[in-house]
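Scroll down for the structure; my scribbles are underneath it.
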Amino acid sequence: MAKESVSSSSNSRLELLVFENNWCAQCYTQRPIIKSLRTEYPEQIDVKTFNVEEKPKLSADYNIQSAPSIIVKKNGNVVERIPRFIDKEQLETIIRYYL
């Protein structure tokens, strides 16, 4: 099964694929965290956000079972799966580990 392309043009950056939906309270709570990290790590991370209801094939390709979920990719490979809400400190620790 071919995966929908979500890779950035630069493989040196860490990719965060954020899967959420519009009615999820935890997704709503996590949005400012993701926005903050985008601002704090503009050269190191590439964040792409997807609505699981609008992108069901992509969600299935990455085996997304719940929202919010975050897939962390480095050099095009999935290195971490976070299938739940995660606070900024924990997510920042994961980002720094892979940078």
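Starting from 1, each residue takes its place in the sequence as its number. No hydrogens, no waters, no symmetry mates; every other heavy atom, side chains included, goes into these values. Note that this is a predicted model, so its numbers are computed, not measured.
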Report task. Consider only side-chain heavy atoms of I, L, V, M, F, W and Y, link residues closer than 4.5 Å, and tell whether V52 and Y28 are in one cluster. Result ->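 Shared cluster, no.
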Are [X] and [Y] packed together at the side-chain level, in the sense that at least one heavy-atom pair is separated by less than 4.5 angstrom?
X	Y	value
L91	I34	yes
L16	T49	no
L58	F19	yes
R96	Y41	yes
S69	S66	yes
L17	F50	yes

Requested in this report: Determine, step by step, whether I45 and L37 satisfy the side-chain contact (heavy atoms from CB on, under 4.5 Å) criterion, reporting the C-alpha distance in whole Å, the side-chain angles of both residues, the deciding distance to 0.1 Å, and the verdict.
Outcome: CA-CA 8 Å; I45 65 172; L37 291 172; 4.2 Å; yes
Requested in this report: Would you please test Q44 and I95 for side-chain contact (heavy atoms from CB on, under 4.5 Å) and show each step?
Outcome: CA-CA 9 Å; Q44 294 91 0; I95 289 168; 5.9 Å; no
Query - Between E40 and S36: side-chain donor-acceptor atoms closer than 3.5 Å - result: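 Per modelled atom types, E40 and S36 side chains form a pair under 3.5 Å.
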Taking only residues two or more places apart in sequence, or in another chain, which ones meet [X] in a side chain to side chain contact (heavy atoms under 4.5 Å, CB included)?
X	value
E80	V72, I82, I94, Y98
N51	N21, N22, E53, E54
K35	none

Going from [atom1] on [X] to [atom2] on [Y], what distance comes out if it is rounded to the nearest 0.5 angstrom?
X	Y	atom1	atom2	result
E92	D87	CD	CG	10.0 Å
I71	D61	CD1	CG	11.0 Å
E20	R31	CD	CZ	4.0 Å

Query - For I70, the option from R84, R81, Q30 that meets side-chain contact (heavy atoms from CB on, under 4.5 Å) - result: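 Passing option: Q30.
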**Report entry** SB check E15 K48 (cutoff 4.0 Å)
**Finding:**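 The answer is yes: the pair qualifies as a salt bridge.
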Query - Evaluation steps, side-chain contact (heavy atoms from CB on, under 4.5 Å), between L99 and L14 - result: CA-CA 7 Å; L99 286 180; L14 195 63; 4.0 Å; yes
Requested in this report: Test Y62 against K55 for side-chain hydrogen bond (donor to acceptor under 3.5 Å, both in side chains), laying out the working first.
Outcome: CA-CA 11 Å; Y62 281 98; K55 294 286 190 176; over 6 Å; no
